[in-house]
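Let me begin by presenting the structure, written as structure tokens, before commenting on it.
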Protein chains: 2
Amino acid sequence: MVTIKDVAKYAGVSVATISRVLNENGYVHEDTRRVVEKAIKELNYTPNEVARSLYKRKSRLIGLLLPDITNPYFPQLARGVEDRMQQSGLRLIFGNSDESQQKEQDYIQTFVQNNVVGIIASTNFPGMDFYRRLKIPVVFLDRISSDRPAVYADGREGGRIAAQQMIERGSRQIAVLQGPAHVRPAQDRFQGAVEVLQDTGVTYEVVQTDSFTLDEAQRRAEELFVSFPETDGVIASNDMAAIAVLHEALRLGKKVPEDIQIIGFDDIPLSELVSPSLSTIRQPAYDMGKQAAELMIQLIENDDVELKSIQMPVQFIQRGTTRIKAEESI
Amino acid sequence: MVTIKDVAKYAGVSVATISRVLNENGYVHEDTRRVVEKAIKELNYTPNEVARSLYKRKSRLIGLLLPDITNPYFPQLARGVEDRMQQSGLRLIFGNSDESQQKEQDYIQTFVQNNVVGIIASTNFPGMDFYRRLKIPVVFLDRISSDRPAVYADGREGGRIAAQQMIERGSRQIAVLQGPAHVRPAQDRFQGAVEVLQDTGVTYEVVQTDSFTLDEAQRRAEELFVSFPETDGVIASNDMAAIAVLHEALRLGKKVPEDIQIIGFDDIPLSELVSPSLSTIRQPAYDMGKQAAELMIQLIENDDVELKSIQMPVQFIQRGTTRIKAEESI
DNA sequence: CTCAAATAAGTAACCGGTTACACATAAACT
DNA sequence: AGTTTATGTGTAACCGGTTACTTATTTGAG
């Protein structure tokens, strides 16, 4: 491996000069710089980030913690984060927490041990001690925290919109999937929806789920139609669950959206491609990732940014699992 | 930050002894060890990986390079890799290449600069110079290489099976989506399919695609039915494309699988949930990730493992987009 | 009881960068 | 000309671990 010493020797200068050229700081004579740059190129030298990181006590790595990239919503967040980070020369150390506190803590520890400059986390435990103790910037993504900056979508409003649309489009026996109790955004959506349903006095049922896994979604979908066969509208906790419900409804021979309407949450890429395509509450996942990255970069560059959280707007996307309203059909 | 020196002082021993306790090597007296462990716990000390990595010239990080986690097939690979690595205390630095050689090269460089112990890559350029020059283990995933160990599915066989099934189940005007020319597995699948179609003398058309993005898939799906309205069977290059085709077919009022059969490739989690559910050639993505990680760990621990590649079996999954054969309906 | 081998623990060099500090020379200013 | 000030470059300490080497003590075989 070529080190800075090799380059120094080759160029006939000291290591300090090489370092100055690399970092574009301190005084370096124009001629010297050219010689050094030539040497770097000829030896095909790239500096060792680890050594740099040790002295500086900060790497060029960001820790990213997500619950489970197998859920298609999260890769979009991740891409947003990555793409923005890349622009600033930052890279990601990555981990799935599977919503386990232990795993989460282990990853955070690894991040710290590797001198990451910041952590972006989609955690269910934003108040935990191990987050409080961190001396590096933390941004919560798709999660809410009072302690720390966060980027999240307006889940409550999303829930409200979903319920309103359901009602406006004619459903009267609505089932609401609650989503895991410990996942804050799921609860916000749920509450938003219930709020509206209560206000308008529409009959509704609640189906609780413990996780966001696909298996679970499928099981709940089956149960749903057994327990509440009269249901004519389902507000799902996310698109995966909605698609599971849709699938089950069709399997039972129900007509969608005529017999039953379904609204998802997230707008994952595939929701457009199921048949009928899924009406949903869109969260701008990719942009949320980008925003989180942006915020992180601000925090890194300028550590006196005031605690700032960004709430992103949600939006109803009318597709094939909800009926067309009179004024829309013009 | 608590360093090894702080612990040494607190425990009243030298840093060497702390290090010996941590790494469980060299001689340490039982009593001393207890004192040190107590000190570590009380000071809440965790060793700095960066310093360790600098001296050892190897970190506990693995570089993972994928084309695009937004495609639901790749997160499964990633999870497989991650879960296996986690068991051995290894973590991931992660990047999406977007099939750009430049991006790929940049990530590889970052990996090397961070002293990763190995690289797992799903690259389109396995023969590139910058892979050859690497002195650390490289495992190609979902890709084939003659130079390096690789874990991949038997794409050709998959293609053959898809074509056979299509024919056995009665399609006679088959369209084959070719997939991006530079993506080896896509070409293997394609060739496998064409091989069988030619042998059996069934009419077929080829639709070429340049990328695996969803947009592209949708566009090709539309074109397909314009250019070849008589098509009664589609062999897609992956499940995303298959789902796009399915969606378009249904939009055009075609009956699936009565008028047209569709077979995908990958078996992403959602393919079971579209309606009708998607018949596909299953690749064991999660297991492939695990295998790649396993192979990597072998290569790290024992550098004289002979060049070994693992071909994983593929399997036809009969679902709703292909017709039921006589003998199956019993 | 003697002496080699095993056990225990400290000192300091080392990994590959960065930078404070020192020193030298050139340019700018009274 | 004499003194600041700016420019250019080298030396060596430092970041936080690991380990080769050294020294001291204990154990055990003959």
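Keep in mind it's a predicted model, so treat the numbers as computed, not measured. In what follows, chains carry the letters A, B, and so on, assigned in the order in which the sequence lines appear, proteins first and then strands, with residues in each chain numbered from 1.
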field: Distance, rounded to the nearest Å, where Lys58(A) contributes NZ and dT18(C) contributes P
entry: 14 Å
field: Listed nucleotide nearest any side-chain atom of Tyr27(A), set dT18(D), dT18(C), dT9(D)
entry: dT9(D)
query: Under 3.5 Å, is there a donor-acceptor pair between the Tyr152(B) and Asp188(B) side chains?
result: no
field: Interatomic distance where CD belongs to Gln113(A) and C1' belongs to dG17(D) [whole Å]
entry: 12 Å
task: For Val13(A), report the nucleic acid contact type (base, sugar-phosphate, nothing); a contact means any heavy atom under 4.0 Å.
output: sugar-phosphate
message: Side-chain N or O of Thr3(A) versus OP1/OP2 of dG16(C): is the shortest distance under 4.0 Å?
response: no
query: Roughly, in whole Å, what's the span from CD in Glu49(A) to P in dG17(C)?
result: 10 Å
Under 4.0 angstrom between Lys56(B) side-chain N/O and dC14(C) OP1 or OP2: no
- prompt: Choosing from dG16(D), dT18(D), dT18(C), which nucleotide comes nearest the side chain of Asn48(B)?
  reply: dG16(D)
task: Please answer whether the main-chain N or O of Leu141(B) pairs with a side-chain N or O of Ser122(B) as donor and acceptor at a distance below 3.5 Å.
output: yes
query: Heavy atoms under 4.0 Å, any strand shown: does Thr32(A) hit a base, just sugar-phosphate, or nothing?
result: sugar-phosphate
- request: Take the protein atom CD1 of Ile18(A) and the nucleotide atom P of dG8(D), then report the distance between them rounded to whole Å.
  value: 16 Å
Nearest to side-chain heavy atoms of Arg57(A), which nucleotide of dT11(C), dC15(D), dG17(C): dC15(D)
field: Options dG17(C), dG17(D), dT19(D), nucleotide nearest the side-chain atoms of Arg52(B)
entry: dG17(D)
query: To the side chain of Asn25(B), which of dT19(C), dC15(C), dT19(D) is closest?
result: dT19(D)
- request: Measure from the side-chain heavy atoms of Thr17(B) and tell me the nearest of dG16(D), dG10(C), dA8(C).
  value: dG10(C)
query: Asn115(A) has an atom CG; how far is it from atom P of dG16(D), in whole Å?
result: 9 Å
field: Lys NZ or Arg CZ of Arg20(B) over Tyr27(B) ring: under 6.0 Å, within 45°
entry: no
query: Under 3.5 Å, is there a donor-acceptor pair between the side chain of Glu42(A) and the main chain of Glu37(A)?
result: no
task: Could you check if a side-chain atom of Val81(B) sits within less than 4.5 angstrom of a side-chain atom of Met288(B), using non-hydrogen atoms only?
output: no
query: At under 4.0 Å between heavy atoms, what does Val28(B) touch on the DNA or RNA strands: base, sugar-phosphate, or nothing?
result: sugar-phosphate
message: Using the side-chain heavy atoms of Tyr55(B), tell me which of these nucleotides is nearest: dT18(D), dG17(C), dC15(D).
response: dT18(D)
- prompt: So, Ser88(A) side chain and Leu90(A) main chain: donor-acceptor pair closer than 3.5 Å or not?
  reply: no
- prompt: So what does Ser19(B) touch, heavy atoms closer than 4.0 Å: a base, only the sugar-phosphate, or nothing?
  reply: base
message: Can you tell me whether the side chain of Arg20(B) and the base of dG10(C) have a donor-acceptor pair closer than 3.5 Å?
response: yes
- line: Comparing nearest nucleotides in DNA chain C, the 5'-proximal residue of the pair His29(B), Ala51(B) is His29(B)
task: Could you check how far CD of Glu30(A) sits from P of dT9(D), rounded to whole Å?
output: 11 Å
task: Measure from NZ on Lys9(B) to P on dG16(D) and round the result to the nearest Å.
output: 12 Å
query: Within this structure, what is the CE-to-C1' distance between Met1(B) and dC15(D), rounded to whole angstrom?
result: 10 Å
field: From dG10(D), dG17(C), dT18(D), nucleotide with atom closest to Asn23(B) side chain
entry: dT18(D)
